[in-house]
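To start, the structure under review is shown below, and the notes come after it.
The structure displayed is predicted, hence computed values, not measured ones. Excluded from the calculations below are hydrogen atoms, water molecules and symmetry mates; all remaining heavy atoms, backbone and side chain alike, are included. We number each residue from 1, following the sequence as shown.
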Amino acid sequence: MTNIDYEILGKKVLEKYPYIAKELIETPTLNNLELLPEILQTIQEEKGTPISKKQHTDFRMIVTAVIVKLYDPEIFSGYKRNLRHGLRQSLSNQMNCSPTQISHLLKSVRDYLSIYSDFAQEVIYLYEKIRKEYAEEERK
């Protein structure tokens, strides 16, 4: 069997079939990590302040899912393992936890998105709301 250089293959697909490459690659909605505190505040206003430990964990999972979908959606495709540079640290700073906790949360979020439709719908709802609000703001 021939070894395939997937990086070269990817570049050729992008060059010869840009419409297919665009379909295969989800581009981030946002790039400016300085918007994270505002986004977190928007989610908190929408969801309310978590009271119990379970609510706090659920809140963190939703925040993680929404923010990763906004900043690095390819993570959920299954082809990419690591978050974009700086996102994990910024997210951990905003949520007052360690970067390792963010990594563990992200593993759970991937499972929840595929298993629990209510969770996925809530993430999509918040993602769309924030995308509309902040995508325009980031273009300014």
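Side-chain atoms of L36 and Y71, non-hydrogen and from C-beta on, do get closer than 4.5 Å to each other. Side chains of R131 and K69 form no contact here, defined as non-hydrogen atoms less than 4.5 Å apart.
Grouping the Ile, Leu, Val, Met, Phe, Trp and Tyr side chains by contacts below 4.5 angstrom, directly or via other members, places Y125 with Y116.
Closest approach of D72 and N82 over heavy atoms only: OD2-O, 3.9 Å. Taking each heavy atom of L91 and I67 in turn, the nearest pair found is CD1-CD1, 3.6 Å. The two residues L40 and Q94 have their closest heavy-atom pair at CD2-O, 3.5 Å. Q101 approaches C97 most closely through the heavy-atom pair OE1-CB, 2.8 Å. Taking every heavy atom of both residues into account, V123 and V66 meet most closely at O-CG2, 3.9 Å.
Checked for salt-bridge contact, E74 and R84 miss the test: no charged N lies under 4.0 Å from a carboxylate O.
Panel note: side chain R60, backbone M95; a donor-acceptor pair is recorded below 3.5 Å. At least one donor-acceptor pair under 3.5 Å links the side chain of Y134 to the backbone N or O of E38. Put simply, the side chain of S92 gets close to the backbone of Q89: a donor and an acceptor are under 3.5 Å apart. The main-chain N or O of K12 is never found under 3.5 Å from a side-chain atom of Y17 such that the two would form a donor-acceptor pair.
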With a cut-off of 3.5 Å and sequence neighbours excluded, list every side-chain donor-acceptor pair involving residues 104-111.
none

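With a 6.0 Å radius and a threshold of 12 heavy atoms from other residues, nucleotides or ligands, Y127 has its OH atom above the threshold. E45 CD: more than 12 foreign heavy atoms inside a 6.0 Å radius.
Distance NZ/K132 to OG1/T29: 12.0 Å, rounded to 0.5 Å.
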